[in-house]
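Single-structure report; data block below.
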Amino acid sequence: QVQLVESGGGSVQAGGSLRLSCAAAVDTNRVNYVGWFRQAPGKECEGVAVIHTGGGTTSYADSVKGRFTISQDNAKNTVYLQMNSLKREDAATYYCAAGSLPSVGYWPDWKMYNYWGQGTHVTVSS
């Protein structure tokens with residue numbers, strides 16, 4: 001059983017920061033990657049960042065490299081997404097997702113993830 005619950009969304013001015021949390025009750029026999037995705041109205045679901053639940057390997061979308069950081073606290077079963085230097089185009093509903101991926105190269109494909117949280121909204125104003 002895998003359960004994901006996001007929190008930490010909200011409204012922030014451009015240039016500001018937010019930290020999203022994903023409380024992940026993860027069965028490591030079922031998943032090996034936890035990722036953050038986002039979807040803005042009228043746009044496709046976009047992979048933002050991913051972390052390997054075992055080794056901690058991370059990958060990022062080019063649009064967020066250098067601004068966002070994904071991390072995990074295994075003791076708290078929580079995956080974080082620290083978002084700095086936020087831009088208006090970062091506004092979206094952010095989802096935490098978990099899946100069993102054959103390799104990290106598959107990470108941006110939302111169809112590879114079997115388990116999803118309910119989403120948390122991020123608004124960025126100028």
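Across T57, I51, V104, a single residue satisfies side chain to side chain contact (heavy atoms under 4.5 Å, CB included) together with Y33, and that is V104.
S21 contributes atom OG, which lies 10.0 Å from atom CD of E6 (distance to the nearest 0.5 angstrom).
In this structure the side chain of W36 reaches within 4.5 angstrom of the side chain of C22, judged on heavy atoms. Taking the side chain as every heavy atom from C-beta outward, M112 and P102 approach each other to under 4.5 Å. Taking the side chain as every heavy atom from C-beta outward, L20 and M83 approach each other to under 4.5 Å.
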Run the side-chain contact (heavy atoms from CB on, under 4.5 Å) check on N32 and L101 step by step: do they pass? CA-CA 7 Å; N32 56 5; L101 278 58; 4.1 Å; yes
Dump the intermediate steps for side-chain contact (heavy atoms from CB on, under 4.5 Å) on L18 and L86, then the final yes or no. CA-CA 8 Å; L18 281 175; L86 281 161; 4.2 Å; yes
From CA spacing to verdict: side-chain contact (heavy atoms from CB on, under 4.5 Å), F68, I70: CA-CA 7 Å; F68 290 12; I70 188 170; over 6 Å; no
Test side-chain contact (heavy atoms from CB on, under 4.5 Å) on Y95 and W110 and set out the steps. CA-CA 10 Å; Y95 298 91; W110 63 267; over 6 Å; no
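Between Y113 and F37, the shortest heavy-atom contact is CE1-CZ, 3.2 Å. Taking both residues in full, the closest heavy atoms of S85 and R67 are given as O-NH1, 2.9 Å, listed atom of the first, atom of the second, then distance. Among all heavy-atom pairs drawn from C96 and L4, the shortest one is O-CD1, 3.5 Å. Annotation for S59 and W107: closest pair CB-NE1, 3.4 Å, computed over non-hydrogen atoms. For the pair H52 and Q72, the tightest heavy-atom approach, listed with the atom from each and the gap, is O-NE2, 3.3 Å. Of all the heavy atoms in T93 and G119, the pair that sits closest is CG2-CA, 4.0 Å.
A donor and an acceptor atom, one from each side chain of Y94 and R38, are located under 3.5 Å apart. For the residue pair N84/S17, the side-chain donor-acceptor check at 3.5 Å is satisfied.
A donor-acceptor pair under 3.5 Å is absent between the side-chain atoms of E46 and the main chain of Q39, judged by distance alone. Judged purely by atom type and a 3.5 angstrom limit, D73 has no side-chain atom pairing as donor or acceptor with the backbone of V79. The main-chain N or O of G9 is found under 3.5 Å from a side-chain atom of T120 such that the two form a donor-acceptor pair. Not a single donor-acceptor pair under 3.5 Å links the side chain of Q3 to the backbone N or O of A25.
Grouping the Ile, Leu, Val, Met, Phe, Trp and Tyr side chains by contacts below 4.5 angstrom, directly or via other members, places L81 with V34.
Heavy atoms of other residues, nucleotides or ligands lying less than 6.0 angstrom from CD of Q118 number more than 12. Atom OH of Y106 is surrounded by 12 or fewer heavy atoms from other residues, nucleotides or ligands within 6.0 Å. Within 6.0 Å of CD in E89 there are more than 12 heavy atoms belonging to other residues, nucleotides or ligands.
Using a cut-off of 4.0 Å between Lys/Arg side-chain N and Asp/Glu carboxylate O, K87 and D90 are scored as not salt-bridged.
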